[in-house]
Amino acid sequence: MSLQHLNIKIFTDENSKQIPLGTYLPIFHRWIQNKVTKEMLIDVADYAHVPAGPGVMLIGHQANISMDNIGSRLGLLYNRKVADEGTNEALLRKTLKAALTHALRLQEDAAVKGKLEFLGNDLQFIVNDRLLAPNTKENLKILQRDLAAVLDLLFGDKNYSFETAQDSRERLNVEVKAKNKVQLQDLIQKI
């Protein structure tokens, strides 16, 4: 199983939910105008009106970045859309670094600084390709094994736990909760 089309969600603390989702619209528009990343950013879509929905999305060629509120759990969702080369560990590291970098950039934006906080110890990994990676026990074991190689670097050996969706109709995913709170910049340096 190859970990293509990987999505990573970095959850926020509870206080961050007080920020109206519309606040992220001008921020994402500035990211496009200022070309803050090497990734091609195209447009912004506003789904803030959808309860517990996709929130505000920054549409890109390689990836979409959104302040996502699916399941009423706010977080930055980095949705890698194009296939890439490398081992599963390399793909995980590259995608995770991009997600963490965007989350830190957003957290440090003047419009939300001091109000928005991402929890570096609460992450969700989703393989957004049911054909390539169906949600089976075997694929879950592979995902957890490959994740462990990266997570041991970030949080220390076994200083985290896995939670998984029990419904096989869901995309293959795992939520990772580290025991200790970690700053995003520390995770970026380790990856």
Side-chain angles (χ1 to χ4, degrees), residues 1-14 16-17 52-55 57 62-104 106-107 117-184 186-191:
M1 174 184 73
S2 177
L3 295 179
Q4 299 293 337
H5 308 126
L6 190 61
N7 290 201
I8 298 175
K9 186 169 181 178
I10 306 166
F11 293 101
T12 65
D13 70 350
E14 284 298 312
S16 298
K17 292 181 179 181
M57 298 179 70
Q62 294 87 353
N64 294 339
I65 303 159
S66 60
M67 279 306 288
D68 176 272
N69 198 33
I70 298 287
S72 297
R73 295 199 60 208
L74 186 65
L76 181 129
L77 178 67
Y78 183 82
N79 173 7
R80 182 86 181 149
K81 300 189 304 187
V82 296
D84 208 347
E85 294 182 10
T87 64
N88 282 350
E89 183 179 344
L91 294 170
L92 279 165
R93 289 173 70 124
K94 181 177 183 178
T95 307
L96 182 56
K97 186 170 187 171
L100 291 166
T101 301
H102 290 303
L104 181 60
L106 185 56
Q107 184 175 280
E117 182 181 0
F118 289 100
L119 303 173
N121 61 333
D122 194 358
L123 311 167
Q124 184 179 33
F125 296 82
I126 305 162
V127 183
N128 196 20
D129 192 323
R130 295 175 206 259
L131 182 61
L132 185 63
N135 189 357
T136 64
K137 289 180 182 179
E138 296 79 25
N139 282 341
L140 179 60
K141 285 179 186 177
I142 293 168
L143 177 59
Q144 289 177 333
R145 179 200 67 210
D146 293 340
L147 271 171
V150 175
L151 297 174
D152 286 347
L153 288 171
L154 297 179
F155 304 121
D157 189 30
K158 307 298 183 243
N159 282 328
Y160 54 87
S161 61
F162 292 121
E163 293 180 18
T164 59
Q166 300 300 319
D167 190 345
S168 62
R169 295 173 295 179
E170 295 287 324
R171 295 172 292 170
L172 178 63
N173 75 87
V174 64
E175 189 171 336
V176 174
K177 293 186 183 251
K179 294 177 182 173
N180 300 316
K181 188 174 177 179
V182 184
Q183 298 297 317
L184 296 180
D186 294 336
L187 294 176
I188 292 168
Q189 289 176 355
K190 289 180 181 180
I191 200 121

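Between Leu100 and Phe118 the shortest side-chain heavy-atom distance does not fall below 4.5 Å. Val127 has its side chain out of reach of Asn139: every pair of non-hydrogen atoms, C-beta onward, lies at least 4.5 Å apart. By the 4.5 Å heavy-atom criterion applied to side chains, Phe162 and Leu147 are counted as neighbours. In this structure, the side chains of Leu76 and Ser66 stay at 4.5 Å or more apart for every pair of heavy atoms. Inter-residue side-chain proximity for Phe125 and Leu96 is flagged as met; some heavy-atom pair is nearer than 4.5 Å. Taking 4.5 Å as the limit, every side-chain heavy atom of Pro54 sits out of range of all side-chain heavy atoms of Leu77. Contact annotation: the side chain of Leu154 approaches that of Ile191 to within less than 4.5 Å [non-hydrogen atoms, C-beta and beyond].
The local environment of NZ in Lys141 is sparse, with at most 12 non-hydrogen atoms from other residues, nucleotides or ligands closer than 6.0 Å.
The backbone N or O of Asn128 sits nowhere less than 3.5 Å from a side-chain atom of Arg171 that would complete a donor-acceptor pair. Lys17 places a side-chain N or O within donor-acceptor distance of the main-chain N or O of Ser72, the cut-off being under 3.5 Å.
Using a cutoff of 4.0 Å between basic side-chain nitrogens and carboxylate oxygens, Arg73 and Asp122 are scored as salt-bridged.
Taking every heavy atom of both residues into account, Asn79 and Asn7 meet most closely at OD1-ND2, 2.9 Å. Among all heavy-atom pairs drawn from Thr12 and Met67, the shortest one is CG2-CE, 4.2 Å. Of all non-hydrogen atoms in Asp152 and Tyr160, the two that sit nearest each other are OD1-OH, 2.8 Å. Scanning both residues, Leu91 and Leu6, for their nearest heavy atoms gives O-CD2, 4.5 Å.
Every residue two or more places apart in sequence or in another chain that forms a side chain to side chain contact (heavy atoms under 4.5 Å, CB included) with Asp129 is listed here: His5, Leu131, Leu132. With sequence neighbours left out, the ring-ring contact (aromatic ring centres under 6.0 Å, His included) criterion links Tyr78 to His102. Residues passing the side chain to side chain contact (heavy atoms under 4.5 Å, CB included) test with Asn173, sequence neighbours excluded: Gln124, Ile126, Ala165, Glu170.
Screening Thr87, Asn88, Asp84 against Ser2 for a side-chain contact (heavy atoms from CB on, under 4.5 Å) leaves a single residue, Asn88.
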